[in-house]
Peer 1: 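Mind having a look at this structure? Questions to follow.
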Amino acid sequence: MNYRFAIISSVTLALSTPVFAQDANIDGRVGKLEKEMRAVQRQVFPNGAGKFVEPEIPSQTAPAPTTSSTSATADLTARVDALEAQLATLTGQVELQGNGMRGLEGRLKAIETQMAAQTAQTEAVMPAAAPAAAAVTLPKPKPVVATGKPALTAKPNPARIAAVAAVERPATGDMFEDGYTYGYRLWEAKFYPEAQVTLEETLTKFPKHKRASYARNLLGRAWLDDKKPATAVKVFYDNYKTEPRGDRAPDSLFFLGSALTDLGKRAEACEAFGELERAYPDAVTSRLVERIAAGKTRAKCK
């Protein structure tokens with residue numbers, strides 16, 4: 001419902017006398033409020049989907065009592081003042097959430113840089129040991145021909161192949177849902193690498209699907225359950241950042257905290273849990289309440 005239409009309609013019903021000079025000022029304030037409210041709502045609800053706050057002005061279901069124009073204008077002014085106060089509160093909440101999100105993003109980037117440096121250092125140390133080893137006179141080993149494939153995939157496990165093949169692949173005609181459901185079944189059967197491949201392929205084909213939030217969150221869980229929390233951190237945070245009002249954004253923030261805890265980043269994990277409580281108070285008081293409490297305990301949050 002358009003704020004301008006709602007407020008002007010109430011004025012039309014309430015006033016039966018000519019418009020006063022104050023109305024021009026009120027109308028200007030209402031127009032300004034309308035623009036600001038929609039700008040804030042685009043931040044709160046970045047994906048739209050009709051999730052706009054209705055004005056807190058009761059509908060006229062019965063003929064309005066006869067009142068003086070001065071009284072009606074004063075009532076409208078009071079309501080506009082209340083709307084301005086609500087807008088200020090909402091704007092402050094959005095700014096607070098944005099600051100928390102930027103702070104968490106900075107910490108995660110620092111963690112990613114640190115882990116990349118540790119990986120590079122490990123790779124640099126391994127070749128450095130080669131000259132010392134070469135100084136020792138040993139029989140030359142037979143040359144190994146590089147196949148370009150990981151050793152673990154050189155000899156597939158027939159039993160695993162058969163078990164994966166036994167997982168039913170849906171064929172409903174809905175390519176996204178079939179891919180998501182199959183990925184879920186693979187994850188549920190603990191075939192995590194296969195689930196990762198399936199979900200990544202599905203998201204690559206349908207990155208803007210209405211249920212992409214579900215698929216990204218499940219992909220993060222497949223990495224987390226596969227004991228690869230560093231990759232899971234990136235997937236969970238990307239899901240929260242890409243679609244903060246997605247159905248599984250709160251879940252991704254929770255599992256982000258769990259993955260950070262697994263990495264030993266307890267301060268960052270507590271920050272993720274805190275962001276979850278600030279951004280999604282409804283989720284905190286319902287389905288995630290027990291998980292959040294357990295996660296904060298495990299991360300030793302204060």
Peer 1: Decide yes or no for Arg160 and Phe191: does some side-chain heavy atom of the first lie under 4.5 Å from some side-chain heavy atom of the second?
Peer 2: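 The answer is yes, as the side chains (C-beta and beyond) meet within the 4.5 Å cut-off.
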
Peer 1: So Phe206 and Phe176, would you call those rings parallel, tilted or perpendicular, with 30° and 60° as cut-offs?
Peer 2: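 If you compare the ring of Phe206 with that of Phe176, the planes turn out perpendicular.
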
Peer 1: Would Asn217 and Phe236 satisfy side chain to side chain contact (heavy atoms under 4.5 Å, CB included), going step by step from the backbone distance to the final call?
Peer 2: CA-CA 6 Å; Asn217 184 69; Phe236 287 130; 3.8 Å; yes

Peer 1: Can you tell me how far the NZ atom of Lys300 sits from the OG1 atom of Thr297, to the nearest 0.5 Å?
Peer 2: 11.0 Å

Peer 1: Tell me every residue that passes side-chain contact (heavy atoms from CB on, under 4.5 Å) with Thr204, counting only those two or more places apart in sequence or in another chain.
Peer 2: none

Peer 1: Can you see which heavy atom on Asn239 is nearest to which on Ala212, and at what distance?
Peer 2: OD1-O, 4.5 Å

Peer 1: Between Glu275 and Arg278 (salt bridge meaning N to carboxylate O under 4.0 Å), is one present in this structure?
Peer 2: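 A salt bridge is present here (some side-chain N lies under 4.0 Å from a carboxylate O).
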
Peer 1: Taking atom OG1 of Thr261 and atom CZ of Arg266, what is their separation to the nearest 0.5 Å?
Peer 2: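 Answer for the OG1-CZ pair, Thr261 versus Arg266, is 8.0 Å.
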
Peer 1: Taking side-chain contact (heavy atoms from CB on, under 4.5 Å) as the test, write out the residues that go with Asp226, two or more places apart.
Peer 2: Tyr192, Pro193, Gln196, Lys228

Peer 1: Does the side chain of Asp262 reach to within under 4.5 Å of the side chain of Arg298, using non-hydrogen atoms?
Peer 2: yes

Peer 1: Atom CZ of residue position Arg211 - does it have more than 12 heavy atoms of other residues, nucleotides or ligands inside 6.0 Å?
Peer 2: yes

Peer 1: Walk me through whether Ser258 and Arg291 qualify under side chain to side chain contact (heavy atoms under 4.5 Å, CB included).
Peer 2: CA-CA 10 Å; Ser258 296; Arg291 282 186 167 183; over 6 Å; no

Peer 1: I want to check something: taking the side chain as every heavy atom from C-beta on, are Asp238 and Arg216 in contact at a cut-off of under 4.5 Å?
Peer 2: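 Asp238 vs Arg216: side chains apart.
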
Peer 1: Would a single hydrophobic cluster contain both Trp223 and Val233, if residues Ile, Leu, Val, Met, Phe, Trp and Tyr are joined by side-chain heavy-atom contacts under 4.5 Å?
Peer 2: no

Peer 1: Can you tell me how far the CE atom of Met175 sits from the OG1 atom of Thr172, to the nearest 0.5 Å?
Peer 2: 10.5 Å

Peer 1: Gly179 and Thr198: which non-hydrogen atoms are nearest, and at how many Å?
Peer 2: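 Residues Gly179 and Thr198, closest heavy atoms: O-CG2, 3.4 Å.
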
Peer 1: Could you report the tightest heavy-atom contact between Leu276 and Pro250, atom names first, then the distance?
Peer 2: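 Result for this residue pair: CD1-O, 3.5 Å.
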
Peer 1: Please check if Leu219 and Tyr237 belong to a single hydrophobic cluster, counting links between Ile, Leu, Val, Met, Phe, Trp and Tyr side chain heavy atoms closer than 4.5 Å.
Peer 2: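 No.
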
Peer 1: Would His209 and Glu177 satisfy side chain to side chain contact (heavy atoms under 4.5 Å, CB included), going step by step from the backbone distance to the final call?
Peer 2: CA-CA 10 Å; His209 194 276; Glu177 288 298 336; 4.2 Å; yes

Peer 1: CG/Asp225 to NZ/Lys190 distance, rounded to the nearest 0.5 angstrom?
Peer 2: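 Spacing of CG (Asp225) from NZ (Lys190) equals 7.0 Å.
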
Peer 1: Any chance you could measure Arg245, atom CZ, to Ser213, atom OG, to the nearest 0.5 Å?
Peer 2: 12.0 Å

Peer 1: Hey, are Arg287 and Asp251 close enough for a salt bridge, meaning a charged N less than 4.0 Å from a carboxylate O?
Peer 2: yes

Peer 1: Using the test side-chain contact (heavy atoms from CB on, under 4.5 Å), find all partners of Leu218 that sit at least two apart in sequence or belong to another chain.
Peer 2: Tyr180, Tyr184, Trp187, Leu199

Peer 1: Can you get from Leu288 to Tyr240 by hopping between Ile, Leu, Val, Met, Phe, Trp and Tyr side chains that sit under 4.5 Å apart?
Peer 2: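 Yes, same cluster.
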
Peer 1: To check you understand the geometry: which heavy-atom pair defines the closest contact between Phe273 and Ala299, and what is its length?
Peer 2: CE1-CB, 4.2 Å

Peer 1: Find out if a path of hydrophobic residues (ILVMFWY) with successive side-chain heavy-atom gaps under 4.5 Å connects Val235 to Tyr214.
Peer 2: yes

Peer 1: Please evaluate residues Leu253 and Tyr280 with respect to the criterion side chain to side chain contact (heavy atoms under 4.5 Å, CB included), reporting the C-alpha separation (whole Å), side-chain torsions for both, the decisive distance (0.1 Å), and the verdict.
Peer 2: CA-CA 10 Å; Leu253 260 184; Tyr280 307 100; 3.8 Å; yes

Peer 1: Please name the pair of heavy atoms, one in Ala269 and one in Gly257, separated by the smallest distance, quoted to 0.1 Å.
Peer 2: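 That closest heavy-atom pairing would be CB-O, 3.3 Å.
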
Peer 1: To check you understand the geometry: which heavy-atom pair defines the closest contact between Glu277 and Ile292, and what is its length?
Peer 2: OE2-CG2, 3.9 Å

Peer 1: Can you tell me how far the CZ atom of Arg185 sits from the CZ atom of Arg169, to the nearest 0.5 Å?
Peer 2: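 Answer for the CZ-CZ pair, Arg185 versus Arg169, is 11.0 Å.
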
